Amino acid sequence: MKIEKIKGFRDHYPEDMEIREYFFKKITDTAENFGYKRIDFPSLEPLDLYRLKSGTELVNQTFSFVDKGGREVTMIPEATPSTVRLLTARKDLPRPIRWYSFPKVWRYEEPQEGRFREHYQFNADMFGIDSEETDAEIVGLASSILDYLGLSGVYEININDRFLMEYILDDLGIGNIPEAFSIIDKYKKLDRASFSSLLNGIGAGEDVVKKILSLLSEKTDTGGLEKKVKKIVKNYDEIKPRIDRIKKTFELIGLYTESTINFDFSIVRGLSYYTGIVFEAFDVKGELRAILGGGRYNGLSKLFTDEEIPAVGFAIGDAVIELLLKRQDLWVKRNLKESYYICNLSGSDDEYIIKIASRIRSLNKIALVDMTHRKISSQIKSASGCNYAIIIGDREVEENTVTVKNMETSEQSTVGYDDFLLHLRNRTS
RNA sequence: GCCGGGGUGGGGUAAUGGACAUCCUUGGGGACUGUGGAUCCCCGGACCCGGGUUCGAUUCCCGGUCCCGGCCCCA
């Protein structure tokens with residue numbers, strides 16, 4: 001019986017995994033170099049964790065079921081609630097707290113380009129301080145990761161501020177702000193007419209719609225932001241401190257990356273829990289969905305505790321990153337460790353061969369012992385993925401020598417065992 | 001959940017209402033008893049599943065499933 005893979009899930013064979021792990025490690029290395037510590041949590045959480053946070057809509061898009069104990073549980077659709085649960089369970093942690101995680105997350109949706117029902121999602125969050133500096137570090141970490149992956153110049157980061165946005169919408173007399181966000185979120189997908197009529201639908205008059213359109217019309221720098229807001233709000237001085245904070249944040253982000261950073265009023269993000277900066281990274285060609293996204297969510301800790309703990313973070317899914325790296329021709333195998341394929345000619349000495357392999361491994365290099373006992377040409381063919389072939393036959397065993405063939409240059413030499421060890425150590429240092 | 005396009009050996013493909021289903025590649029073996037990572041030869045391996053039409057279906061029809069892409073939604 002043939003069992004097919006479950007829809008929207010992926011298999012990964014070694015040739016994929018090698019590349020995948022290379023890039024995953026780049027991501028986690030960057031986070032660790034910023035002082036972020038890894039955490040982990042269950043893949044299964046109570047469904048209520050997501051009900052509380054985002055209402056019933058989301059529940060339809062999760063892998064949820066009732067377990068044998070009658071509990072409603074969910075395959076985690078995102079990491080943030082779990083992360084905050086861990087955070088609030090510990091009162092002793094010195095702040096700020098810098099954490100990252102790299103779980104699999106699940107969502108029950110139709111698969112399409114850059115989206116699967118199961119994917120890896122890297123998350124980084126900082127808790128305890130609400131400031132320009134912390135906002136900028138999180139955006140800076142996000143861009144540093146992309147830069148370190150080799151994507152400099154390939155992406156840009158678009159930033160908005162929910163606090164500012166809410167102030168403006170309120171100032172414009174919009175009553176239903178969550179609904180307004182939901183409409184603004186669709187700005188890029190709708191034509192002007194249907195966008196306007198949706199806004200009319202929540203009580204926005206023509207002049208208000210015009211003002212909103214002027215905000216959304218194009219991405220801008222902080223100077224442009226200031227001008228746009230001045231033109232629209234009734235009392236600019238009231239919101240000026242927030243604008244100043246955003247300007248300062250942009251300045252600081254510029255210290256982390258050369259990449260383009262825009263202010264973009266159309267970046268809203270679906271989640272209702274954001275309270276400050278929100279941002280997304282896109283490929284500059286605009287061909288793919290968002291590469292990463294995040295923002296400040298100071299209120300979320302209230303789900304678990306009375307204390308409001310400042311929080312800012314972001315998440316990167318592996319799917320879009322992989323697409324982008326492939327389009328940049330960066331998705332290629334790299335030999336990180338030197339590898340040796342030990343050709344074991346029949347009649348040779350297992351003890352000698354395993355001794356050599358162990359010495360190679362003790363220097364954190366790869367040693368692979370041929371166990372097929374095929375003719376030498378086949379064994380050498382098997383060695384072609386490695387940096388070196390080592391040929392051990394009766395001759396080498398008797399004379400206590402090692403024949404080393406460089407698989408890239410085809411150069412070959414037979415050296416004494418001790419000289420070989422010297423060669424290994426030299427290449428290590 | 002909805003819409004469109006697909007599904008032939010492990011990967012990539014060709015053809016076909018009827019006989020042994022094509023080619024490339026990968027894998028195994030040999031020519032070839034220590035270098036021949038080449039070349040040549042041999043071998044293994046497939047019509048997504050179920051139902052229908054038909055004397056006969058891999059081929060035509062219907063349903064399902066999975067893949068690719070789009071919508072919805074987006075953590």
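Values in this document were obtained by computation on a predicted structure and should not be read as measured data. Throughout, a chain's letter reflects where its sequence line sits, starting with A, and its residues are numbered from 1.
What separates CD1 of A:Ile392 from P of B:U35 is a distance of 16 Å, to the nearest Å. In this structure, A:Lys5 atom NZ and B:G7 atom C1' are separated by 13 Å, rounded to whole Å. Atom CD1 of A:Ile376 and atom P of B:G37 are 10 Å apart (whole Å). As rounded to whole Å, 12 Å separates atom P of B:C67 from atom CD of A:Glu118. For A:Arg374 and B:U35, the CZ to P distance is 17 Å, given to the nearest whole Å. Rounded to an integer number of Å, the gap from CG of A:Leu368 to C1' of B:G37 is 16 Å. In this entry the distance linking CG of A:Leu190 with P of B:C71 reads 12 Å, nearest Å. Taking atom CZ of residue A:Arg289 and atom P of nucleotide B:A75, one finds them 11 Å apart after rounding to whole Å.
If you check every strand for non-hydrogen atoms under 4.0 Å, A:Lys189 touches a base. A:Lys375 comes within 4.0 angstrom of a base, heavy atoms only. Within 4.0 Å of A:Gln121, counting heavy atoms only, lie sugar-phosphate atoms of the nucleic acid but no base atom. Nucleic acid contact for A:Gly8: sugar-phosphate only, since backbone atoms but no base atoms lie under 4.0 Å from a heavy atom of the residue. Within 4.0 Å of A:Arg115, counting heavy atoms only, lies at least one base atom of the nucleic acid. Within the nucleic acid shown, A:Glu113 comes within 4.0 Å of sugar-phosphate atoms alone, with no base atom in reach, counting heavy atoms only. The residue A:Thr80 sits apart from the nucleic acid: no heavy atom pair falls under 4.0 Å.
Counted by atom type alone, A:Tyr100 and A:Thr28 present zero donor-acceptor pairs between their side chains at under 3.5 Å. Donor-acceptor pairing under 3.5 Å is lacking for the side chains of A:Tyr256 and A:Asp147.
Of the listed nucleotides (B:C66, B:G34, B:G37), B:G34 has the atom at the smallest distance from the side chain of A:Thr403. The side chain of A:Ile391 has B:G34 as its nearest neighbour among B:C71, B:G36, B:G34. With B:A75, B:U35, B:C68 as the choices, the nucleotide that has an atom nearest any side-chain atom of A:Ile380 turns out to be B:U35.
With hydrogens and angles left out, the side chain of A:Ser382 and the base of B:G37 share no donor-acceptor pair within 3.5 Å. Put simply, the side chain of A:Glu396 and the base of B:G34 share a donor and an acceptor less than 3.5 Å apart. Between the base of B:U35 and the side chain of A:Gln379 there is no donor-acceptor pair shorter than 3.5 Å. The base of B:A75 is paired with the side chain of A:Gln61 by a donor and an acceptor separated by under 3.5 Å. Side-chain atoms of A:Arg107 stay outside donor-acceptor range of the base of B:C73, with no qualifying N/O pair under 3.5 Å.
Other residues, nucleotides and ligands contribute only 12 or fewer heavy atoms inside 6.0 Å of the CD atom of A:Glu133.
Where A:Phe9 and A:Glu280 each meet RNA chain B at their nearest nucleotide, the meeting point lying more 5' is that of A:Phe9. If you find the closest nucleotide of RNA chain B to A:Ile6 and to A:Glu411, the one lying nearer the 5' end belongs to A:Glu411.
Judged by distance alone, with hydrogens and angles left aside, the side-chain atoms of A:Thr305 form no donor-acceptor pair with the main-chain N or O of A:Lys302 at under 3.5 Å.
On the P atoms, B:G10 is 34 Å away from B:G36, given to the nearest whole Å. When the P atom is compared between B:G17 and B:C60, the two are found 9 Å apart, to the nearest whole Å. A distance of about 39 Å separates the C1' atoms of B:G4 and B:G44, rounded to the whole Å. The C1' atoms of B:G1 and B:G50 are separated by 24 Å, rounded to the nearest whole Å. With both ends at atom P, the span from B:C49 to B:C66 equals 15 Å, rounded to whole Å. Using C1' as the reference atom, B:U59 and B:G7 are 14 Å apart when rounded to the nearest Å. Nucleotides B:A46 and B:U13 are separated by 12 Å at their C1' atoms, to the nearest Å. A gap of 25 Å separates the C1' atoms of B:G27 and B:G34, to the nearest Å.
Pair assignment for B:C71 gives B:G1, based on Watson-Crick or G-U wobble hydrogen-bonding distances that are each under 3.5 Å. In this entry B:U39 has B:A31 as its Watson-Crick or G-U wobble partner, both defining distances falling under 3.5 Å. In a base pair of the Watson-Crick type (N1 to N3 plus N6-O4 or O6-N4) or a G-U wobble (N1-O2 and O6-N3), with each distance short of 3.5 Å, B:C55 is matched with B:G18.
A close approach under 4.0 Å does not occur between any side-chain nitrogen or oxygen of A:Arg395 and OP1 or OP2 of B:G34. An OP1 or OP2 oxygen of B:U35 is reached within less than 4.0 angstrom by no side-chain nitrogen or oxygen of A:Lys381. Remark: A:Arg10 is not in phosphate contact with B:C67, judged by side-chain N or O atoms under 4.0 Å from OP1 or OP2.
A:Phe263 does not carry A:Lys228 over the face of its six-membered ring by the limits of under 6.0 Å from the centre and within 45° of the normal.
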Given side chain to side chain donor-acceptor pair (under 3.5 Å), test A:Arg374 with A:Ser382 step by step and report yes or no.
CA-CA 10 Å; A:Arg374 290 172 302 186; A:Ser382 299; 2.9 Å; yes
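A salt bridge (Lys or Arg N to Asp or Glu O under 4.0 Å) with A:Asp318 is found for exactly one of A:Arg115, A:Arg10, A:Lys104, namely A:Arg10.
Taking the six-membered ring wherever Trp is involved, the centroid distance between the rings of A:Phe63 and A:Phe9 falls below 6.0 Å.
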